[in-house]
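Report on the structure given below.
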Amino acid sequence: MTVLVVLLALAAGAYLIAILESWAVHGRLEPARPAISALALLGRESVLARTPDRLFFEAGPILLLVAGLLAAAVIPLAPGLIVTDLATGALFLNAALAYVLVALIMAGWGPNGAYGMIGGWRFLGQFIAYAMLIVMPITAVAMRAESLSTVTIVQSQAALWNIAYQPLGFVLFVVAAMGLAWLPPLDLPTAPGDLAGGVEAEYTGVRLAVLRLARMVLILALAGATVTFYLGGWLGPWLPAPVWSALKILIVAGLMVSAGRLVPRVREARYLELSWKLGIPLALANIFIVGVIALVVPI
Amino acid sequence: MIGARSGALTGLRRLVANALARDLRGFVVPGMDVAWANGLDLAGTGLHLATTPRHASVLVIIGPLPAGLADAASVAHAQMPRPRAILALEAGDLAPLPAADATGALTQAGLVAALADLRRTIANGAFGSGAREYSAPALETRIEYTCPMHPEVVSDQPGNCPKCGMTLVPRETAAPLSHAGHAMPDMSDGVTAETPPDPVAATHQHGAHHPSGDTKTMVEDTHAGHGHDHAKQTDASAQYTCPMHPEVTSDQPGSCRKCGMFLVPVEDKDAHAGHGHTQTDHSALGSHSDHSAHGGHSGHGAHGGAEVAGIEAHFMSMVDLTRDMPASADGLKMEWIDVPFGPFFPGLPGGLELELTLDGDAVAAAKAESGVSAVNLLREAATSPEAFIDQLAALSPLSPVAYRELACRALEQAAGQNPASDTASARAAAVERERIASHLNWLAGFGTQSGLHWLERRAAGLQLELRHADARGIAALTPRTTALLRRLHRTPLLHDKLNGNGKHADGDALSGPVARAAGSTSDARSDNPVYGALGFGVLTGTGGDARARLTQRTGEIAQSLGLIARAGQIAMPEVQNIGSVSGKGEAIVETPRGAAQLRLTLTGGKVTQAEISTPTAALVALIGAMARGRELGDAMTAIGSLDISPWELTA
């Protein structure tokens with residue numbers, strides 16, 4: 001039952017985010033567009049590249065979808081409304097997200113084309129750049145909650161949301177999440193301007209539909225993680241808990257999808273430089289500050 | 001519809017066909033810059049643009065399809081998934097592409113009508129019996145047989161090697177052009193592992209080619225494949241060495257005297273440098289290699305498959321694997337791949353064929369050619385002045401007015417005419433209006449390239465309105481233009497992205513915004529009294545990088561707005577009746593991309609001789625040095641910032 005509710009919520013969320021993304025790209029708000037586009041994608045031929053690595057080519061998009069779904073499984077939408085409340089939920093989320101990298105490399109390598117391959121390798125090159133900034137802020141969040149359970153993490157924010165408690169961690173986490181979901185301006189693996197679609201370039205038809213859906217699920221899972229870790233999850237006055245979750249997740253996902261389009265695509269070298277030289281020290285500082293606050297001020 | 005999917009249009013498929021008709025994804029040939037310069041607003045018609053033909057459903061051909069792009073366009077068409085269609089706006093002869101599914105005039109109204117037409121066609125014919133196979137001649141291949149040990153032995157038939165008696169192995173090679181029509185039949189001969197049952201899908205097996213079609217590489221490599229280059233091939237097979245002991249060499253196959261392993265043939269370094277060779281893995285099969293051109297790659301199906309026909313079973317030693325590979329600047333030996341970008345690449349000017357040799361994601365070498373540069377200034381021995389002006393204006397679809405002005409000025413000088421000063425300044429204003437539109441067009445392209453969709457939309461929309469506006473209309477558009485430029489310069493991270501990228505050593509031949517952004521004061525307008533009367537002063541920048549070029553162009557937009565305001569009126573360049581005078585004329589005009597110079601001879605009122613120099617060649621020459629050693633994205637930004645018009649590349 002819970003699984004069904006979560007899946008339906010993901011589907012609805014993916015649809016809304018797709019509308020928003022289409023607006024950000026084409027400048028028009030067309031509510032029916034994602035449905036039409038999806039139907040059209042299903043109607044198009046799914047072309048197999050000439051000499052593909054068949055296993056990687058087929059498995060890449062599906063693995064990405066699985067990784068997104070697994071990550072979503074530990075996001076609590078309301079008390080009791082979570083697919084599985086693992087004691088190590090935050091760690092599990094990390095583990096699930098690690099497969100995004102694998103899936104993208106497979107999808108880039110599989111079709112045996114230069115654009116896809118370079119896109120996949122670019123993502124591999126960025127691994128430390130985003131992965132450290134995902135895991136280190138989570139560490140600080142877990143320190144405050146004294147638990148890795150996502151439900152406990154939400155409950156730990158009853159007095160004060162983490163966005164106020166550790167704003168630095170919030171900013172780093174959102175930026176890293178955008179990198180992980182290759183959202184503009186960090187859309188280097190697909191980079192329409194210099195890789196003509198990159199890892200997506202050789203996928204058509206149903207396979208492309210799966211790849212795009214998987215990315216939507218991943219964006220929602222990451223937005224859900226942001227809400228869980230920093231925005232108090234389902235907590236909020238007047239409205240029922242699931243409504244708060246849905247609202248917050250949609251707003252965060254919407255901002256992640258659209259805000260980055262106001263700046264040009266970040267250069268690969270610059271992204272790595274900022275992430276390694278600035279991001280990681282800041283994330284360490286965040287852990288230190290949160291540690292000190294947690295010891296001194298009991299909130 | 002020729003590009004339909006096979007199957008009856010029933011039930012659910014009807015619904016899907018309607019969705020397909022509404023969700024058109026266009027791939028534009030030669031490029032969006034040409035579409036914008038022709039005053040077309042594709043996005044405004046609800047046509048979404050695809051960055052690769054793989055994601056497109058309509059091949060939109062804008063204006064006459066240049067002969068040099070026909071093959072590339074046919075490759076792009078072959079890459080599109082079915083159902084696919086062709087929409088041609090005054091495209092002329094499309095061969096080797098199939099007939100267009102919808103045609104129209106090269107105007108916004110023509111585009112809208114053709115799209116409506118196309119949507120009906122797709123809704124009714126996305127699935128149907130009209131489906132026909134299509135394969136681009138540029139992609140056709142045939143199977144030939146060769147000896148694994150003696151590459152010079154090539155046969156059309158399976159059999160044994162006359163030299164060593166080994167069984168010949170099949171490989172795929174580009175079809176010779178003369179046989180292009182019937183080169184496909186052997187495709188299903190068990191050579192390609194992935195032959196699909198569906199004949200319609202079979203045409204798509206050409207895998208990972210990209211918009212470019214890169215026929216050049218194919219032709220080159222066909223020679224190697226055919227064994228035409230006997231000297232090189234013989235050299236290559238004359239040496240054998242041990243995979244473990246490179247110092248052991250022999251001119252005979254045999255065993256290593258140190259370890260007893262079988263000796264393997266040494267391959268000619270030059271023949272393979274940058275292409276990767278047979279025993280290497282994935283990256284040698286970059287998109288262009290899939291054109292089947294690289295002889296000996298046949299049956300390379302699975303990356304992991306060790307036992308592949310056509311490849312000697314090797315001991316996989318790193319020494320052996322990397323021996324012939326070029327080393328990067330950091331000394332790391334790595335496989336280099338040649339990747340075609342263009343001629344229809346979304347981040348580059350349409351028609352520019354760029355080939356980058358990639359060392360990982362860094363550019364090791366770059367070369368550019370134009371697919372649209374076939375320029376014949378004088379189609380007839382003696383051309384009438386009016387026809388000559390039209391021909392020169394048609395030279396570049398990106399800046400026809402500047403070339404029209406150039407032709408007029410040269411003709412007037414030859415005929416000894418002098419236009420009235422207000423006419424001259426109105427004509428100068430027309431050139432300036434085009435400069436604004438051209439720079440905005442470039443800004444829109446920069447928006448596409450760097451993911452700034454708002455910039456693409458607004459700059460493209462603005463240049464569409466500006467392109468044909470009169471002086472008053474331009475005055476009305478001025479606030480919006482300056483607002484756009486202000487917003488652009490306030491864009492966060494923009495200068496960070498462009499700073500220091502694409503610097504160039506001072507080139508004497510260089511002119512235009514690229515030269516002025518580096519501090520040069522070369523501007524053909526500064527010697528022109530007409531511009532002097534309008535208060536023109538050369539605008540220069542500092543830095544000479546991509547950021548300086550952006551700033552230079554936005555500065556020139558503002559400057560040209562001022563010049564038009566002072567000129568007060570706009571008139572298209574034209575010459576008065578010249579009569580039957582004879583004489584020589586020479587003129588120079590500052591086009592949006594630099595100074596273009598024309599010399600012509602009038603004999604009895606007809607143009608009998610003409611010679612032109614354009615700014616493009618000097619810009620193309622910058623590409624190699626600018627891209628070398630840069631990360632791919634940076635190299636593309638740098639090349640994009642040059643604003644090259646491949647149309648003006650004269651022979």
Side-chain angles (χ1 to χ4, degrees), chain A residues 24-28 32-33 35-56 109 111-118 121-122 125 184-185 187-188 191-197 200-205 208 260-270, chain B residues 5 13 15-17 19-20 22-23 43 48 51-52 54-55 57 81-83 126 192 194 196 201 204-208 210-211 282-283 285-288 290 300-304 337 339 345-347 358 360-361 448-454 457 491-494 496-497 631-634 636:
Chain A
V25 175
H26 303 292
R28 299 166 173 223
R33 175 58 70 177
I36 296 171
S37 294
L39 257 184
L41 264 188
L42 297 182
R44 291 197 186 109
E45 226 174 359
S46 191
V47 180
L48 189 64
R50 184 176 165 75
T51 50
D53 187 321
R54 189 73 187 265
L55 179 66
F56 279 18
W109 175 275
N112 198 358
Y115 300 156
M117 186 185 66
I118 295 168
W121 290 143
R122 269 187 177 183
D187 55 344
L188 290 154
D194 48 56
L195 276 182
E200 277 188 358
E202 304 292 342
Y203 282 95
T204 56
L208 183 62
R261 296 178 199 268
L262 298 176
V263 297
R265 185 173 305 113
V266 174
R267 297 171 50 213
E268 167 103 2
R270 190 75 175 137
Chain B
R5 288 186 81 171
R13 279 188 179 155
L15 186 69
V16 172
L20 283 162
R22 291 183 63 181
D23 187 64
H48 288 184
T51 51
T52 141
R54 286 265 186 255
H55 298 170
S57 59
R82 287 167 186 266
T192 31
E194 301 287 349
H204 289 296
Q205 287 298 301
H206 292 288
H210 261 285
H282 183 275
S283 51
L285 297 161
S287 60
H288 77 297
D290 281 344
H300 240 222
H303 305 287
I337 52 173
V339 185
F345 201 80
L358 292 177
D361 70 347
T448 313
Q449 192 187 45
S450 57
L452 288 172
H453 294 288
W454 68 266
R457 280 198 301 272
T491 301
L493 300 177
L494 179 74
D496 185 63
K497 181 183 173 75
E631 193 268 330
L632 174 64
D634 291 351
M636 296 296 270

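So you know, we letter chains A, B, ... as the sequences are listed, proteins then strands, and number each from 1. Keep in mind that the numbers below use all heavy atoms, side chains included, and drop hydrogens, waters and symmetry copies.
Interface check for chain A: of the options B/G360, B/A43, B/P492, the most heavy-atom pairs under 4.5 Å are formed by B/P492. When each of B/T448, B/L494, B/L358 is scored by its heavy-atom pairs under 4.5 Å with chain A, the top score falls to B/L494. Among A/I118, A/L262, A/V266, the residue with the largest count of heavy-atom pairs under 4.5 Å with chain B is A/L262. Put simply, of B/S57, B/G347, B/A126, the one with the most heavy-atom pairs under 4.5 Å next to chain A is B/S57.
The shortest distance between side-chain heavy atoms of A/R122 and B/E631 falls below 4.5 Å. By the 4.5 Å heavy-atom criterion applied to side chains, A/M117 and B/I337 are counted as neighbours. Using a 4.5 Å heavy-atom cutoff, the side chains of B/D23 and A/L39 are not in contact.
For B/R22, the parts lying under 4.5 angstrom from a heavy atom of chain A are both the backbone and the side chain. Both the backbone and the side chain of A/P192 come within less than 4.5 Å of a heavy atom in chain B. Both the backbone and the side chain of A/I36 come within contact range of chain B, with heavy atoms under 4.5 Å apart. Only the backbone of A/Y203 comes within less than 4.5 Å of a heavy atom of chain B; no side-chain atom from C-beta onward does. Both the backbone and the side chain of A/L195 come within contact range of chain B, judged by heavy atoms closer than 4.5 Å.
Annotation for A/G27 and B/R457: closest pair N-NH1, 3.2 Å, computed over non-hydrogen atoms. Annotation for B/T52 and A/A201: closest pair OG1-O, 3.8 Å, computed over non-hydrogen atoms. The minimum heavy-atom distance between A/L42 and B/R5, with the atom names listed, is O-NH1, 4.3 Å. Shown here for B/F345 and A/G193, the closest heavy-atom pair between the two residues is CE2-O, 3.3 Å. Across every non-hydrogen atom of A/G197 and B/T51, the tightest pair is N-OG1, 4.1 Å.
Of the possible donor and acceptor atoms, one in the side chain of B/H55 sits under 3.5 Å from a partner among the backbone N and O of A/E200.
Separation of atoms CZ (A/R270) and CG (B/D496) is listed at 4.0 Å; rounding is to 0.5 Å.
With sequence neighbours excluded, the residues forming a side-chain contact (heavy atoms from CB on, under 4.5 Å) with A/A24 are A/S258, A/R261, listed by chain and number. Looking at residues two or more places apart in sequence or on another chain, you find a side chain to side chain donor-acceptor pair (under 3.5 Å) between A/R265 and A/D187.
Ring pair A/H26/B/H48 is parallel by interplanar angle, where below 30° counts as parallel and above 60° as perpendicular.
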